[in-house]
Amino acid sequence: MSWGTELWDQFDNLDKHTQWGIDFLEKYAKFVKERIEIEQNYAKQLRNLVKKYCPKRSPKDEEPRFTSCIAFFNILNELNDYAGQREVVAEEMGHRVYGELMRYSHDLKTERKMHLQEGRKAQQYLDMCWKQMDNSKKKFERECREAEKAQQSYERLDNDTNATKADVEKAKQQLNLRTHMADENKNEYAAQLQNFNGEQHKHYYIVIPQIYKQLQEMDERRTIKLSECYKGFADSERKVIPIISKCLEGMILAAKSVDEHRDSQLVIDCFKSGFEPPGDFPFEDYSQNIYRTISDGTISTPKQEGMRIDSKTTVGKAKGKLWLFGKKPKGPALEDFSHLPPEQRRKKLQQRIDELNRELQKETDQKDALIKMKDVYEKNPQMGDPGSLQPKLTETMSNMDRLRMEIHKNEAWLSEVEGKVAARSDRRHSSDINHLVTQGRESPEGSYTDDANQEVRGPPQQHAHPNEFDDEFEDDDPLPAIGHCKAIYPFDGHNEGTLAMKEGEILYIIEEDKGDGWTRARRHNGEEGYVPTSYIDVTLEKNSKGS
C-alpha cells in the first residue's frame, strides 16, 4: 500500500491532503493551548479561593481550634496542593504537547514544501521531455507530408511527355531531399520518443513513487506524532492522579477527624465562666411584721423616718449587669483579669504564667551564654573585652528579676482564683449535705458587673464587680437598715468584704441579696460585710419593700 503506485496521478489531491494534515495538527495544538489556559485559570482560581478562606490569624490568636475548623483548614491546604497539581498538568501539557506540536509543525511544513517542490520539478522535466518529443513528432509529420508532395510532383512530371528532362531531374532531386529530411526527422522523433518514454517511466515508477513515499512517510509521522501527543495529553494528567488522590484522601481524613464531642468540650473550655447556677430565692414572709411582738425574742429596728429609704437613692445598682446570660460588659481589661469570670480568669492567668516562664527560660539561656562568653574573653583577651558584656549581662539579670516578679504576682492571682473556686465548691458541698443552703450562690469576690458605681435597692441581681464592695465601704454615710436577720449557721468570713457571724447572732440588714447568694449586714458596733443568704433567716421592714 503505497501512494507512489496507488496515487501516481493524484499530485494535487496529495498536496491538499498534506496541507489539511498540517492544519489539523495546528488545530489540535490550538486546542491544547486553550486547555492549558483553562488549567492555569482553574489553578489560579483555586488558589485565590484558598487564600480567601484561609484564616488570617496572628500567632497569638487564642481562638479555640475546633476539629471542624481544623478539618476545614486541612481541606484548604489539600485544595491548595490540588491547585498546584493543576499547574503541573498545565506545565506538562505546554512542554510535552503544545511546544512539541509547534516545533513539529514547523519542521513538517519545511519538509512538505521540499517534497512538493521536487514533485513539481519532476513533473516540469517530464513535460519538457514530452514537448521535445511532440515537436520532433510534428516536424517528422511535416517532413513526411513534404516528401509525399515531392513524390507526387515527381511522378506527375515523370509521366508528363511535355515535361523536360531538366524538370524531371529537378523534381527527382527535390524528392530525394525531402525523403532524406523525413528520414532524419524520423530518427530524431524516434530518439525523442524513446527518451520521453524512458523519462516517463522513470517519472512514474521511480521519481514520483519516491516523492510520494516521502510524503506518505511524512504524513504517517504526523499521524504518529498526533497519537503520541494524544497520549501525552492524557499522561500529563495521569501522572498527577496519585498526588491528587492523596489530596482527596487527605480531605477525607480531615472529614473523619471531626470530633463533635471534642468540639463541645472546647466550647465549654472557651466559654465556661466558673459561676454556679443561681439558687432558689428565699421566701420572704411579710406577715411577720404584723404579728411580731416584743416578746418574740427578735430585735427590731425602730421605724423612723430617717430609716426610710429615699426613692432617689434606690436606683438599681446592678441594672444591666446580668451579662452572664446577655451581653458581656465592654469595660477595660484589667491586669489581673478580674473583669473576667473565674474560669476564664484562671485560664488567662495560666497562659500568661506559661508565657512568662518561656521568656524567663530565654533570658536564662542568654545569661548562661553571656557568662560563658565572658569566661572565654577573660581567658583569651585577644578575642574580646569581657567588660563589654557586662551591660548586656546586667540588663539580662534585670529582665530575669522582672519576669520572676511578674510570675510571682500572677501565681498569687492564680492561687487566689483557685482558692475561691475551691471555697465555692466546698460551700456548695456543705449546702448539699445540710439540704438548707440554695445552690449556685456566688461569693462577692466572684461577682462581676460592668458598672462599679451603681447601687441596688430593688430586685436582686446576680453578679456584682469585685471592686463594688470596696467602693460601698468607702461611702461617707452608712446605709440605713431595711430589716434584720438571725444567723442559722456560723460563718467564718475569711474572704475580704465578708462578715463573720455566730449561730443565733442578730444582725441588721442594710442591703438585700441581689441574686448572688450574699446579703449585706451590719453589727450593732457598726461593722459591715456580706454574709451568705442561705445561712441567715431574713426579716425585712414592711416599708422597705419596693422602695
Side-chain angles (χ1 to χ4, degrees), residues 13-57 65-113 115-116 215-258:
N13 287 330
L14 290 179
D15 183 0
K16 294 178 182 179
H17 172 74
T18 52
Q19 181 60 46
W20 171 87
I22 293 176
D23 291 343
F24 182 78
L25 186 74
E26 292 180 343
K27 182 178 181 181
Y28 178 68
K30 184 179 179 182
F31 162 78
V32 174
K33 181 180 179 181
E34 292 184 3
R35 169 66 189 279
I36 291 172
E37 292 175 353
I38 290 174
E39 290 290 347
Q40 290 173 341
N41 291 333
Y42 180 48
K44 182 179 179 180
Q45 291 177 0
L46 285 178
R47 289 196 182 277
N48 290 338
L49 181 66
V50 171
K51 184 178 179 181
K52 178 180 178 181
Y53 285 94
C54 266
K56 298 178 179 63
R57 292 199 301 246
R65 298 300 300 274
F66 296 102
T67 58
S68 56
C69 297
I70 296 174
F72 177 59
F73 300 152
N74 291 335
I75 288 174
L76 289 177
N77 292 332
E78 296 294 347
L79 188 60
N80 191 59
D81 294 341
Y82 177 83
Q85 297 310 309
R86 305 318 306 180
E87 292 174 346
V88 171
V89 170
E91 183 179 356
E92 185 72 12
M93 284 184 179
H95 174 71
R96 183 176 177 182
V97 182
Y98 179 73
E100 185 66 22
L101 282 174
M102 296 308 295
R103 288 191 296 270
Y104 188 75
S105 175
H106 180 269
D107 297 340
L108 206 62
K109 289 179 181 179
T110 304
E111 183 180 358
R112 173 182 175 275
K113 182 178 180 181
H115 293 324
L116 293 178
L215 285 174
Q216 182 180 359
E217 291 176 352
M218 180 195 73
D219 193 69
E220 289 176 352
R221 289 199 307 274
R222 176 191 64 83
T223 306
I224 293 173
K225 177 60 70 174
L226 279 174
S227 174
E228 293 175 352
C229 289
Y230 293 159
K231 184 175 179 294
F233 183 82
D235 284 342
S236 298
E237 189 159 358
R238 187 171 65 177
K239 286 170 114 179
V240 301
I241 284 179
I243 302 177
I244 290 177
S245 297
K246 289 184 179 179
C247 294
L248 298 177
E249 290 175 3
M251 294 181 186
I252 293 174
L253 290 175
K256 292 181 178 179
S257 67
V258 176

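Just so it is clear, the values below take in all heavy atoms, side chains as well, and ignore hydrogens, waters and symmetry mates. Throughout, residue positions are numbered sequentially from 1 according to the sequence presented.
Around atom NZ of Lys33, no more than 12 heavy atoms belonging to other residues, nucleotides or ligands sit under 6.0 Å away.
Every ring-ring contact (aromatic ring centres under 6.0 Å, His included) that Tyr230 has, sequence neighbours left out, goes to Tyr28. Qualifying side chain to side chain donor-acceptor pair (under 3.5 Å) partners for Gln85, counting only residues two or more places apart in sequence or in other chains: none. Applying the side-chain contact (heavy atoms from CB on, under 4.5 Å) rule to Glu249 yields no partners; only residues at least two apart in sequence or on another chain are considered. Qualifying ring-ring contact (aromatic ring centres under 6.0 Å, His included) partners for His17, counting only residues two or more places apart in sequence or in other chains: Trp3, Trp20.
Two residues are said to be in side-chain contact when any heavy atoms from C-beta on lie closer than 4.5 Å; Glu228 and Glu100 fail this criterion. Residues Leu25 and Leu101 have side chains in contact (heavy-atom distance under 4.5 Å, counting atoms from C-beta outward). Side-chain contact between Glu26 and Lys30 is absent, with no heavy atoms from C-beta onward closer than 4.5 Å. At a threshold of 4.5 Å between non-hydrogen side-chain atoms, the residues Phe73 and Cys69 count as touching. Put simply, the side chain of Ile70 does not reach to within 4.5 Å of the side chain of Ser257, judged on heavy atoms.
With rounding to the nearest 0.5 Å, the separation of CD in Glu78 from CD1 in Ile244 is 12.0 Å.
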Solution key, residues 91-98 side-chain donor-acceptor pairs under 3.5 Å, sequence neighbours excluded:
{"from": "Glu92", "atom 1": "OE2", "to": "Lys239", "atom 2": "NZ", "distance (Å)": "3.4"}

Q: Show the numbers, then the answer: is there a side chain to side chain contact (heavy atoms under 4.5 Å, CB included) between Ile243 and Tyr82?
A: CA-CA 8 Å; Ile243 302 177; Tyr82 177 83; over 6 Å; no
Q.
I'd like to know whether Asn80 forms a side chain to side chain contact (heavy atoms under 4.5 Å, CB included) with Leu76, so could you lay out the CA-CA distance, the side-chain angles of the two residues, the decisive distance to 0.1 Å, and finally the verdict.
A. CA-CA 6 Å; Asn80 191 59; Leu76 289 177; over 6 Å; no
Q: Dump the intermediate steps for salt bridge (Lys or Arg N to Asp or Glu O under 4.0 Å) on Glu220 and Lys225, then the final yes or no.
A: CA-CA 8 Å; Glu220 289 176 352; Lys225 177 60 70 174; over 6 Å; no
Q: Take Gln216 and His115, measure what side chain to side chain contact (heavy atoms under 4.5 Å, CB included) needs, and give me the verdict at the end.
A: CA-CA 10 Å; Gln216 182 180 359; His115 293 324; over 6 Å; no
Q. Between Ile22 and Ser105, is a side chain to side chain contact (heavy atoms under 4.5 Å, CB included) present by the stated rule, with each step listed?
A. CA-CA 7 Å; Ile22 293 176; Ser105 175; 4.1 Å; yes
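Salt-bridge formation is detected for the pair Arg112/Asp15: a Lys NZ or Arg NE/NH1/NH2 atom is positioned less than 4.0 Å from an Asp or Glu carboxylate oxygen. Salt bridge status for Lys44 with Glu39: absent, with no side-chain N to carboxylate O gap under 4.0 Å.
Every pair passing ring pair (Phe, Tyr, Trp, His ring centres under 6.0 Å) that includes a residue from residues 231-252 is listed here, sequence neighbours excluded: Phe31-Phe233.
In summary, of the residues considered (Arg221, Glu217, His106), a side-chain contact (heavy atoms from CB on, under 4.5 Å) with Glu111 occurs for Arg221 alone.
Checking side-chain atoms of Thr18 against main-chain N and O of Leu14 turns up a donor-acceptor pair under 3.5 Å.
With 3.5 Å as the limit, one finds no donor-acceptor pair spanning the side chains of Gln40 and Arg86.
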